[in-house]
Number of protein chains: 2
Amino acid sequence: MKEAEAADPRPYHHGDLRRALVEAAVRLVEADGPGAMSLRAVAREAGVSPAAPYHHFKDKSELLDAVAHEGWEKLDLAFQAARDAQTSPPDRVRELGVAYVRFAMAHPALYRVMYDCSRDKADMPAHVHENEESAYRRVRNVLISAGADPADEVGLELATIACWCAAHGLAEMTSFKQFDALKAELGGEDAFLRGVLSHVGVFARGLER
Amino acid sequence: MKEAEAADPRPYHHGDLRRALVEAAVRLVEADGPGAMSLRAVAREAGVSPAAPYHHFKDKSELLDAVAHEGWEKLDLAFQAARDAQTSPPDRVRELGVAYVRFAMAHPALYRVMYDCSRDKADMPAHVHENEESAYRRVRNVLISAGADPADEVGLELATIACWCAAHGLAEMTSFKQFDALKAELGGEDAFLRGVLSHVGVFARGLER
DNA sequence: AGATCATCTTGACAACGTTCAGATGGCGCC
DNA sequence: GGCGCCATCTGAACGTTGTCAAGATGATCT
């Protein structure tokens with residue numbers, strides 16, 4: 001085979017399996033859900049034998065890690081867009097949250113894989129992925145540019161975590177509840193998302209103003 | 001076999017399989033994680049053949065539904081305790097959140113199953129489980145007793161959703177990040193949880209007071 | 001007692017993850 | 001330029017899983 005699949009160093013025998021496998025995996029995950037993604041199906045899709053993937057990934061879970069990595073990169077792209085939008089800094093925090101939830105709604109299966117992988121690697125103490133970390137930093141920086149005090153390490157971290165939690169919670173929630181009535185009443189999905197994200201302050205009642 | 005397993009109507013042949021299966025399933029899930037729970041292992045644990053469960057559950061997923069149901073009931077118990085605690089109504093909202101997260105931390109695998117099941121049944125339009133719904137109502141009622149306006153349907157629902165999202169997000173987060181440094185700095189886990197839940201107000205900056 | 005019906009077992013099937021011995025072919029070395 | 005090496009891929013196999021169909025078992029009702 002001399003297909004010359006337009007890969008930079010034109011590395012292997014096949015063209016560039018590994019890349020082909022990851023792409024096939026992402027496609028299958030997004031099409032039929034994470035549960036339906038079998039190693040054999042991925043190999044089939046890529047046109048290789050069921051054992052071929054084992055020369056590029058030690059495990060099925062390592063393939064899923066690669067899929068998750070792809071997801072974090074896409075999320076980072078969505079963040080970039082929201083961060084560059086021309087809104088006032090405080091609004092930008094909220095818009096980042098909206099962008100996050102919209103990403104999860106656009107790629108529900110991918111989103112699930114991203115978090116499943118994080119969970120399964122939680123045994124290592126204080127381990128963080130690069131991409132996961134970069135997304136975290138991005139939120140943190142927007143908070144600072146929105147007026148948070150960079151010197152208050154603890155407060156800043158708590159705020160970042162809180163943002164993340166609310167956005168992640170809402171993202172998961174919208175994946176199995178439609179809230180159609182609410183959305184209609186509020187005049188659209190965006191209004192709904194902003195509404196929820198704005199309202200989380202209820203937890204703060206009685207503390208911290 | 002005439003074991004007479006102390007079941008109310010002493011219903012079946014075996015004693016009360018179904019109950020035994022659900023309990024074995026919960027045990028296995030909590031012990032080795034949701035992924036390690038196989039139908040055959042559950043049957044083995046209960047001392048029956050691999051096909052026996054199919055007379056009580058149409059699917060593996062239906063067994064998992066039962067496990068999830070068990071989980072929602074346990075969560076409801078934890079809520080009950082937090083709701084009956086002698087705290088001022090506004091604090092009670094936050095303590096409900098803390099109780100929720102503590103439940104998730106105490107039963108991480110069960111918690112995961114609860115949400116995986118909800119997700120997988122999201123195809124039905126506007127379908128809600130009874131237990132899921134009851135937990136939802138409970139939060140809503142505490143919000144009302146904490147001073148929320150019961151007449152403002154939309155606002156109340158948004159607030160309930162927001163509480164839920166923040167708590168669920170934090171619950172998931174703590175399942176794969178330890179936050180040990182932060183907890184130490186704040187003087188304990190409870191302080192950490194309260195800190196995050198109190199801080200979610202950042203999303204509200206620029207909107208809603 | 002004898003029939004009925006839910007309950008449980010046996011045995012089978014396809015699909016899966018994973019492994020291992022061997023085929024294949026591109027690359028550097030002489 | 002020929003040769004050998006080693007990464008890459010194949011084929012076949014093993015054990016396990018979810019699921020199903022056909023038969024055995026035994027409690028319950030008349």
Side-chain angles (χ1 to χ4, degrees), chain A residues 1-25 27-29 31-68 113 116-117 120, chain B residues 1-25 28-29 31-68 113 116-117 120-121:
Chain A
M1 294 283 176
K2 213 66 198 301
E3 300 274 344
E5 201 103 31
D8 286 24
R10 187 160 48 79
Y12 308 134
H13 200 162
H14 161 106
D16 183 356
L17 204 68
R18 172 161 190 119
R19 186 76 219 135
L21 289 173
V22 173
E23 278 169 9
R27 220 173 317 144
L28 286 184
V29 164
D32 306 329
M37 193 272 254
S38 75
L39 248 195
R40 292 176 108 103
V42 171
R44 228 174 289 136
E45 185 96 352
V48 294
S49 87
Y54 284 87
H55 294 265
H56 300 270
F57 306 94
K58 136 169 133 6
D59 249 342
K60 177 184 183 180
S61 83
E62 207 168 285
L63 210 202
L64 279 172
D65 284 352
V67 171
V113 171
D116 283 353
C117 286
D120 294 345
Chain B
M1 295 280 176
K2 210 68 197 296
E3 300 272 344
E5 201 105 29
D8 285 24
R10 188 160 49 80
Y12 309 133
H13 202 163
H14 160 108
D16 183 358
L17 203 71
R18 171 159 192 123
R19 186 77 218 136
L21 289 173
V22 173
E23 278 169 11
L28 286 184
V29 164
D32 306 329
M37 192 273 252
S38 73
L39 246 196
R40 292 175 108 103
V42 171
R44 228 173 289 139
E45 184 97 354
V48 294
S49 87
Y54 283 87
H55 293 265
H56 300 269
F57 307 94
K58 132 168 135 5
D59 247 344
K60 177 183 183 181
S61 83
E62 206 169 285
L63 210 202
L64 278 173
D65 283 353
V67 171
V113 171
D116 283 353
C117 286
D120 295 344
K121 273 182 295 194

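A note on names: the letters A, B, ... follow the listed sequences, proteins ahead of strands, and every chain is numbered from 1.
- When all heavy atoms of B:L21 and B:F57 are compared, the closest pair comes out as CD1-CE1, 3.9 Å.
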Are there any protein N/O atoms within less than 3.5 Å of an N/O atom in nucleotides 19-22 of chain D, and if so, which ones and at what distance?
| from | atom 1 | to | atom 2 | distance (Å) |
| --- | --- | --- | --- | --- |
| D:dT19 | OP1 | B:D59 | OD1 | 3.0 |
| D:dT19 | OP2 | B:Y54 | OH | 2.8 |
| D:dT19 | OP2 | B:K60 | N | 3.0 |
| D:dT19 | O5' | B:Y54 | OH | 3.0 |
| D:dT19 | O4 | B:R40 | NH1 | 3.4 |

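- Distance CG (A:L17) to P (C:dT24): 19 Å, rounded to an integer number of Å.
- The distance between atom CZ of A:F57 and atom C1' of D:dC9, rounded to the nearest whole Å, is 15 Å.
- Atom CZ in A:R19 sits about 17 Å away from atom P in D:dT8, given to the nearest Å.
- DNA chain C is contacted by both A:A41 and B:A52; B:A52 maps to the nucleotide lying nearer its 5′ end (nearest heavy atom per residue).
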Atom pairs and distances, side-chain donor-acceptor, residues 36-50 of chain A, under 3.5 Å, sequence neighbours left out:
| from | atom 1 | to | atom 2 | distance (Å) |
| --- | --- | --- | --- | --- |
| A:S38 | OG | A:A41 | N | 3.0 |
| A:E45 | OE2 | A:R27 | NH1 | 2.9 |
| A:S49 | OG | A:A51 | N | 3.3 |

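- Dashed line: the shortest gap from a side-chain N or O of A:H56 to OP1 or OP2 of D:dC9 is under 4.0 Å.
- Rounded to the nearest 0.5 Å, atoms CG (B:L17) and NE2 (B:H55) are 10.0 Å apart.
- Of the side-chain N and O atoms in B:S38, one or more sit less than 4.0 angstrom from OP1 or OP2 of D:dT17.
- The distance between atom CZ of B:R44 and atom P of C:dC8, rounded to the nearest whole Å, is 18 Å.
- Going from atom CE of A:M37 over to atom P of C:dA15 covers 19 Å, rounded to whole Å.
- Among residues two or more places apart in sequence or in another chain, the side-chain hydrogen bond (donor to acceptor under 3.5 Å, both in side chains) test is passed with B:E62 by none.
- Here the closest heavy-atom approach between residue A:H56 and residue A:R18 is recorded as O-NH1, 3.1 Å.
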